[in-house]
Amino acid sequence: MFDLPIKGWPTDVIPALKDIISQSIKRREVKEFYIGRTSDCNATKSRHGSDEIFPMYETESPDNAIYVEDSLIRTFIEHPKCNNDNNHGGGGASDEYINYVYLACWYGG
């Protein structure tokens, strides 16, 4: 298993991230998931109202974070548990912070 968040060049880490997400979302208790990008995982968890946030990828490069987020969203957008509205990564990015690509999960009971 990998220690999360993974760091490195996007093309080097994307295959591992896809595998980790695939394994995570097939768990029966995961009812919904969302892939996104943030500089503050705690604030993002609160904003989403999700049960958990997993920082999957960490980088100082906003461009790398956008690239990884975009690739992961495009891979999983058609999954029935996916809660992403857009089929691409987007939105603002800051050069001042560490950027995370995260997996937010909601569990059913």
Side-chain angles (χ1 to χ4, degrees):
M1 186 68 176
F2 295 93
D3 288 326
L4 296 176
I6 295 175
K7 300 176 185 177
W9 291 108
T11 54
D12 293 340
V13 302
I14 287 172
L17 292 169
K18 288 179 180 179
D19 288 345
I20 293 167
I21 291 172
S22 290
Q23 292 301 313
S24 297
I25 64 176
K26 75 170 65 165
R27 294 177 17 228
R28 187 182 319 181
E29 65 268 18
V30 175
K31 298 302 181 197
E32 200 172 339
F33 70 90
Y34 181 92
I35 297 166
R37 185 170 30 86
T38 187
S39 60
D40 185 340
C41 290
N42 291 328
T44 298
K45 181 179 183 290
S46 177
R47 185 177 73 246
H48 279 304
S50 61
D51 293 310
E52 285 193 85
I53 293 273
F54 300 96
M56 306 296 291
Y57 176 66
E58 178 184 321
T59 182
E60 293 180 9
S61 166
D63 291 337
N64 286 354
I66 291 168
Y67 183 84
V68 169
E69 177 196 28
D70 185 71
S71 178
L72 295 175
I73 290 172
R74 289 178 189 276
T75 298
F76 293 102
I77 191 69
E78 298 297 326
H79 193 283
K81 295 180 183 181
C82 184
N83 187 16
N84 286 79
D85 293 329
N86 296 317
N87 65 352
H88 59 83
S94 173
D95 290 328
E96 297 180 30
Y97 302 104
I98 298 293
N99 291 271
Y100 296 98
V101 176
Y102 64 87
L103 177 68
C105 292
W106 290 263
Y107 302 124

S.K.: Could you report the tightest heavy-atom contact between E69 and G36, atom names first, then the distance?
M.R.: OE2-CA, 3.5 Å
S.K.: Which value, rounded to the nearest 0.5 Å, describes the distance between L103 atom CG and I35 atom CD1?
M.R.: 6.0 Å
S.K.: Same cluster for I25 and F54 if Ile/Leu/Val/Met/Phe/Trp/Tyr side chains link at under 4.5 Å?
M.R.: yes
S.K.: What pairs with T44 under side-chain hydrogen bond (donor to acceptor under 3.5 Å, both in side chains), at least two apart in sequence or on another chain?
M.R.: T38
S.K.: Please list all pairs passing the salt bridge (Lys or Arg N to Asp or Glu O under 4.0 Å) test where one or both residues lie in residues 44-59, with sequence neighbours left out.
M.R.: K7-E58
S.K.: Keeping to residues at least two apart or across chains, list the ring pair (Phe, Tyr, Trp, His ring centres under 6.0 Å) pairs with something in residues 16-40.
M.R.: F33-H79, Y34-H48
S.K.: Do the non-hydrogen side-chain atoms of L72 and D70 ever get within less than 4.5 Å of each other?
M.R.: no
S.K.: Would you check if P5 and Y100 make a side-chain contact, meaning some heavy-atom pair closer than 4.5 Å?
M.R.: yes
S.K.: If you round to the nearest 0.5 Å, how far is CD1 of I66 from OG of S71?
M.R.: 13.5 Å
S.K.: Taking only distance into account, with no hydrogens and no angle test, what donor-acceptor pairs under 3.5 Å do side-chain atoms of residues 12-22 form with protein atoms, sequence neighbours excluded?
M.R.:
from : atom 1 : to  : atom 2 : distance (Å)
K18  : NZ     : T75 : OG1    : 3.3
S22  : OG     : K18 : O      : 2.9

S.K.: Taking all non-hydrogen atoms of both residues into account, name the closest pair between Y97 and S39 and its distance.
M.R.: CB-CB, 3.5 Å
S.K.: To the nearest 0.5 Å, what is the distance between CG on N83 and CD1 on I77?
M.R.: 9.0 Å
S.K.: Tell me whether V101 shares a hydrophobic cluster with L4, the cluster being built from Ile, Leu, Val, Met, Phe, Trp, Tyr side chains joined at under 4.5 Å.
M.R.: yes
S.K.: Holding to side chain to side chain contact (heavy atoms under 4.5 Å, CB included), I want the full list of residues that pass it with E29, two or more places apart in sequence or in another chain.
M.R.: R27, Y107
S.K.: Does I73 share a hydrophobic cluster with Y102, counting links as ILVMFWY side-chain heavy atoms below 4.5 Å and allowing steps through other members?
M.R.: no
S.K.: Go through the steps to decide whether E60 and N99 satisfy the test side chain to side chain contact (heavy atoms under 4.5 Å, CB included), and finish with yes or no.
M.R.: CA-CA 6 Å; E60 293 180 9; N99 291 271; 6.0 Å; no
S.K.: Which heavy atom in S24 sits nearest to a heavy atom in V30, and how many Å separate them?
M.R.: O-CG2, 3.5 Å
S.K.: Just checking F76: does its CZ atom have more than 12 heavy atoms from other residues, nucleotides or ligands closer to it than 6.0 angstrom?
M.R.: yes
S.K.: Can you name the nearest heavy-atom pair linking G49 to W106, along with the distance?
M.R.: O-NE1, 3.2 Å
S.K.: Between W9 and N64, is there a donor-acceptor pair closer than 3.5 Å when you use the side chain of the first and the backbone of the second?
M.R.: no
S.K.: Evaluate the salt bridge (Lys or Arg N to Asp or Glu O under 4.0 Å) criterion for residues E32 and K81: first the C-alpha distance (whole Å), next the side-chain angles of each, then the deciding distance (0.1 Å), finally the verdict.
M.R.: CA-CA 5 Å; E32 200 172 339; K81 295 180 183 181; over 6 Å; no
